[in-house]
Amino acid sequence: MKHSVTIEETRELLSEYKGQTVGLVPTMGALHEGHGTLIQVAKEACDIVVVSIFLNPLQFGPDEDFESYPKDLKGDLALCENYGVDLVFAPSEKVMYPREMEFNIGIKSMANILDGVKRPGHFEGVVTVVSKLFNIIQPDMAFFGEKDRQQLMIIKRYVQDFNVPVKIQDVPTKREESGLARSSRNVNLTESEYQEASNIYQALKMASQKIKDGETNVNKIQSLIKIHIEQYTSGSIDDLAIYTANDLGEIDEIDSDVIIFIAVQFSKARLIDNLYVSI
Ligand code: AMP
């Protein structure tokens, strides 16, 4: 496995793979089996798999967990090696942002909901770094997790709007046996919070079942989720919404596929999850 830190050496290493398809898995490090799934899917689809590891300051707000975000480059490299990654690009902040950016990416309605509102500037930061990574690596495909579904949908739209020649592939959420979505932030949960956190997925599944059983009222479903989270966890709901699956539209009554989005704040970790419900 190769490991690069500068853009020049990355481009040089990539030039050896001419004629082969390149898949990119962008990450912020502290890798886990969720990232591993992305790598596996990428390996099946592409000849060469590149993983980028970069904790992107641009997508963190001033009061967010940039400083306390887990870091483990040695463990990350070992995981990548185990999964058969060809190249890890792990640049420093100076390499990615040698000076303040003169240009801004702006996002309209897709960032006017959920984490776009809770974390102002977050998705603009995500699209900026993804755009830079696409230009540096020039992959044929890039792989993103459904765990961060709003991000996935925004990246897909970015690629369409700007005619970016990269195929975006979604990858289903990898979960613990308990149902808890794997996340780098899970290490910032206390032992008891970690146990309780599986209730996020339990609540989503319960809500999904209610919808499949015929409940159409969004407020009712949201109340049930709220009660479940309040009863079984010490966390507090930071965000909860049910939107139409195709265009994230607001609804009162469910009459087509929807996605349930949730964010739960624990003492030192804010966890997000979502569930696609087809009816
Ligand atoms: P992150 O390092 O958290 O920025 O995540 C990098 C990529 O891995 C993103 O596309 C995430 O959606 C994806 N990812 C994170 N956790 C999971 C998971 N549990 N299952 C599938 N994909 C995930």
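The analysis underlying the following values was restricted to heavy atoms, covering all of them including side chains, and did not include hydrogens, waters or symmetry mates. Residue numbers start at 1 and run along the sequence shown. Every number for a ligand or one of its atoms is a count from 1 in the order of the listing.
Looking from atom 14 (N) of ligand 1 to the surrounding protein, the closest heavy atom is D148 OD2, 4.2 Å. Ranking the protein heavy atoms by distance from atom 22 (N) of ligand 1 puts L38 CD1, 3.2 Å first. In this structure, atom 10 (O) of ligand 1 lies nearest to the protein heavy atom G145 N, 2.9 Å. In terms of protein heavy atoms, atom 3 (O) of ligand 1 is closest to Y69 OH, 3.7 Å. The protein heavy-atom contact nearest to atom 6 (C) of ligand 1 is P26 O, 3.3 Å. Counting protein heavy atoms only, atom 20 (N) of ligand 1 is closest to K174 N, 2.8 Å. Nearest non-hydrogen protein atom to atom 4 (O) of ligand 1 is M28 CG, 3.5 Å.
Every N/O-N/O distance between F143 and ligand 1 stays at or above 3.5 Å. At a 3.5 angstrom cut-off on N or O pairs, H35 counts as close to ligand 1. At under 3.5 Å, not a single nitrogen or oxygen of S184, backbone or side chain, sits near a nitrogen or oxygen of ligand 1. By the 3.5 Å distance cut-off applied to N or O atoms, A181 is not counted among the residues near ligand 1. Between R182 and ligand 1, an N or O atom pair is found at a separation short of 3.5 Å. Residue-to-ligand polar distances keep K147 apart from ligand 1: every N/O pair is separated by 3.5 Å or more.
Ligand-side atoms of ligand 1 in range of T27: 2 (O), 6 (C), range being under 4.0 angstrom from any heavy atom. Applying the 4.0 Å criterion to heavy atoms of F144 picks out, from ligand 1, the atoms 10 (O).
Between D238 and R270 a salt bridge is recorded (basic side-chain N to carboxylate O distance below 4.0 Å). Ion pair E16/K2 flagged as a salt bridge, since at least one NZ, NE, NH1 or NH2 atom sits closer than 4.0 Å to an Asp/Glu carboxylate oxygen. Looking at R185 and D65, a side-chain N of the basic residue comes within less than 4.0 Å of a carboxylate O on the acidic one, giving a salt bridge.
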- Message: One pair to check against side-chain hydrogen bond (donor to acceptor under 3.5 Å, both in side chains): E176 and Y194. What are the steps and the verdict?
- Response: CA-CA 11 Å; E176 309 265 355; Y194 179 76; 3.2 Å; yes

- Task: Start with the C-alpha distance between N199 and Q202, add both sets of side-chain angles, then the distance that settles side-chain hydrogen bond (donor to acceptor under 3.5 Å, both in side chains), and finish with yes or no.
- Result: CA-CA 5 Å; N199 281 288; Q202 305 311 329; over 6 Å; no

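Cluster annotation: I105 and L133 are assigned to the same hydrophobic cluster (Ile/Leu/Val/Met/Phe/Trp/Tyr, side-chain heavy-atom contacts under 4.5 Å, transitive).
In this structure, F54 and Y97 have tilted ring planes: the angle between them lies in the 30° to 60° band.
Residue H32 places a heavy atom under 4.0 Å from ligand 1. Residue P172 places a heavy atom less than 4.0 Å from ligand 1. At least one heavy atom of T173 sits closer than 4.0 Å to an atom of ligand 1.
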Only pairs under 3.5 Å count here: list side-chain donor-acceptor contacts from residues 255-263, not counting sequence neighbours, and write none if there are none.
unit_1 : atom_1 : unit_2 : atom_2 : d
D257   : OD1    : I279   : N      : 2.9
D257   : OD2    : Y276   : OH     : 3.0

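Of the residues L240, D273, D239, I200, the one that meets the side-chain contact (heavy atoms from CB on, under 4.5 Å) test with V264 is I200.
Using modelled atom types and a 3.5 Å distance limit, the side chains of S234 and E193 yield no donor-acceptor pair. Of the N and O atoms on the side chains of E253 and N217, at least one donor lies less than 3.5 Å from an acceptor on the other residue.
Atoms OH and CZ, from Y243 and R149 in turn, are 14.5 Å apart once rounded to the nearest 0.5 Å.
Using a 4.0 Å cut-off between heavy atoms, F54 makes no contact with ligand 1 at all.
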